[in-house]
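None of the values given here were measured: they were computed from a predicted structure.
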Amino acid sequence: MQLVPADRNLTGAEIELVTLERREERLRILLEAVRNEYDYILIDCPPSLGLLTLNALVAANAVLIPLQCEYFALEGLADLVGTIRRVRAAFNPSLDIEGVLLTMFDERTNLGQQVAQDVRQFFKEKVFSHG
């Protein structure tokens, strides 16, 4: 296992990417050189839909979505699914959703139950089960 952590040099990457050609493909191009050396490459993204996340989606085969079981997370999830569809259409036709992992899930609360039910209804078997 190898880990390549972000550091403060990544802070300006979003701004620097804006002016580059093929800016949305920079990470995919870099990973092509090492892709065959690994069984899995995990890319952790910021919780935004900027150029860094776009690069990750263009480079990825699949997306694992951790989802906090709260109301506002559902709104963000809808935005993310829309973004994944647009990335699939424009840059990465093979991009798929691997699954949704419910986090901070308290099945004792009505809100937790409702969010989990809504997510399971939409994503079906792609929602990971506990236990």
Side-chain angles (χ1 to χ4, degrees):
M1 182 170 99
Q2 292 183 319
L3 178 66
V4 181
D7 62 18
R8 68 175 179 252
N9 294 319
L10 194 57
T11 305
E14 189 107 16
I15 295 167
E16 292 174 17
L17 282 169
V18 170
T19 60
L20 298 177
E21 288 184 33
R22 297 174 66 187
R23 63 182 166 256
E24 67 284 336
E25 297 180 276
R26 293 300 175 136
L27 184 58
R28 176 171 60 186
I29 292 166
L30 290 170
L31 288 178
E32 281 174 2
V34 298
R35 192 175 291 263
N36 293 332
E37 297 177 29
Y38 299 95
D39 294 328
Y40 298 97
I41 298 174
L42 301 177
I43 306 167
D44 188 18
C45 297
S48 69
L49 299 176
L51 274 173
L52 294 176
T53 301
L54 177 60
N55 262 267
L57 293 173
V58 171
N61 297 328
V63 179
L64 174 63
I65 304 170
L67 180 73
Q68 243 180 314
C69 286
E70 62 177 41
Y71 175 75
F72 292 114
L74 288 177
E75 289 183 20
L77 181 61
D79 291 342
L80 178 59
V81 169
T83 298
I84 290 169
R85 287 183 181 143
R86 288 189 296 278
V87 168
R88 190 181 299 140
F91 304 111
N92 186 354
S94 63
L95 184 62
D96 192 20
I97 295 175
E98 181 70 24
V100 178
L101 178 63
L102 301 176
T103 65
M104 298 178 69
F105 175 49
D106 186 350
E107 60 188 18
R108 298 171 297 176
T109 67
N110 289 337
L111 179 61
Q113 289 177 13
Q114 185 63 51
V115 169
Q117 179 182 348
D118 290 349
V119 171
R120 286 187 179 109
Q121 211 167 28
F122 185 80
F123 288 100
K124 313 245 182 283
E125 72 280 346
K126 293 208 180 238
V127 179
F128 293 103
S129 61
H130 68 287

ask   = Counting heavy atoms not belonging to D79, are there more than 12 under 6.0 Å from its CG?
value = yes

Practice prompt. Check whether any side-chain N or O of R26 sits under 3.5 Å from a backbone N or O of E21 as a donor-acceptor pair, and report yes or no.
Written response: yes

query = Can you check whether L95's main-chain N or O pairs, donor with acceptor, with R88's side chain at less than 3.5 Å?
reply = yes

Are there over 12 heavy-atom neighbours, none belonging to D44, within less than 6.0 Å of that residue's CG?
no

For N9 and T11, run side chain to side chain donor-acceptor pair (under 3.5 Å): C-alpha distance rounded to whole Å, both residues' side-chain angles, the deciding distance at 0.1 Å, then the answer.
CA-CA 5 Å; N9 294 319; T11 305; over 6 Å; no

Closest heavy-atom pair, I43 versus A56, reported as atoms and distance to 0.1 Å, is CG2-CB, 3.7 Å

Is it the case that over 12 heavy atoms from other parts of the model lie below 6.0 angstrom from the CD atom of E37?
yes

Q. With the 4.5 Å side-chain cut-off for hydrophobic clustering, are V100 and L42 part of the same group?
A. no

From the list T53, V63, L49, side-chain contact (heavy atoms from CB on, under 4.5 Å) with T83 holds only for L49

Applying the 4.5 Å side-chain criterion to the ILVMFWY set and letting contacts propagate, would L51 and L27 be lumped into a single cluster? no

Is there a side-chain contact between L57 and R86 (heavy atoms, below 4.5 Å)?
no

task = Test N61 against R35 for side-chain contact (heavy atoms from CB on, under 4.5 Å), laying out the working first.
result = CA-CA 11 Å; N61 297 328; R35 192 175 291 263; 3.7 Å; yes

Shortest non-hydrogen pair, V58 vs N92, comes out as O-ND2, 3.0 Å

Is there a continuous path of hydrophobic side-chain contacts, each under 4.5 Å between heavy atoms, that joins L20 to I15? no

Rounded to the nearest 0.5 Å, the CD atom of E32 sits from the CD atom of E25 at a distance of 8.5 Å

Interatomic distance, CD@E24 vs CD1@I29, rounded to 0.5 Å, equals 8.5 Å

In terms of heavy-atom contacts, Y71 and V115 come closest through N-CG2, 4.2 Å

- Task: Check the pair L74, F122 against side-chain contact (heavy atoms from CB on, under 4.5 Å), reporting the backbone distance first and the verdict last.
- Result: CA-CA 11 Å; L74 288 177; F122 185 80; over 6 Å; no

Heavy-atom closest pair (L111 atom, E70 atom, distance to 0.1 Å) is CD2-CA, 4.2 Å

Nearest heavy-atom approach of G112 to F105 is O-CE1, 3.2 Å

Inset, instruction - Could you tell me whether the side chain of Q68 and the main chain of T103 form a donor-acceptor pair under 3.5 Å? - result: no

Rounding to 0.5 Å, atoms CG (L102) and CZ (R120) come to a distance of 5.5 Å

Check: E98 side chain, L64 main-chain N or O, donor-acceptor pair, under 3.5 Å = no

dist K126:NZ -> L101:CG (nearest 0.5 Å) comes out at 14.5 Å

Given side-chain contact (heavy atoms from CB on, under 4.5 Å), test L31 with Y38 step by step and report yes or no. CA-CA 10 Å; L31 288 178; Y38 299 95; over 6 Å; no

Interatomic distance, OG1@T109 vs CD@E107, rounded to 0.5 Å, equals 9.5 Å

Taking every heavy atom of R23 against every heavy atom of V18, the minimum-distance pair comes out as NH1-O, 3.0 Å

Interatomic distance, CD1@I65 vs CG@L80, rounded to 0.5 Å, equals 4.5 Å

Exercise for the section: Could you tell me whether the side chain of L10 reaches within less than 4.5 Å of the side chain of L52, counting heavy atoms only? Expected result: yes

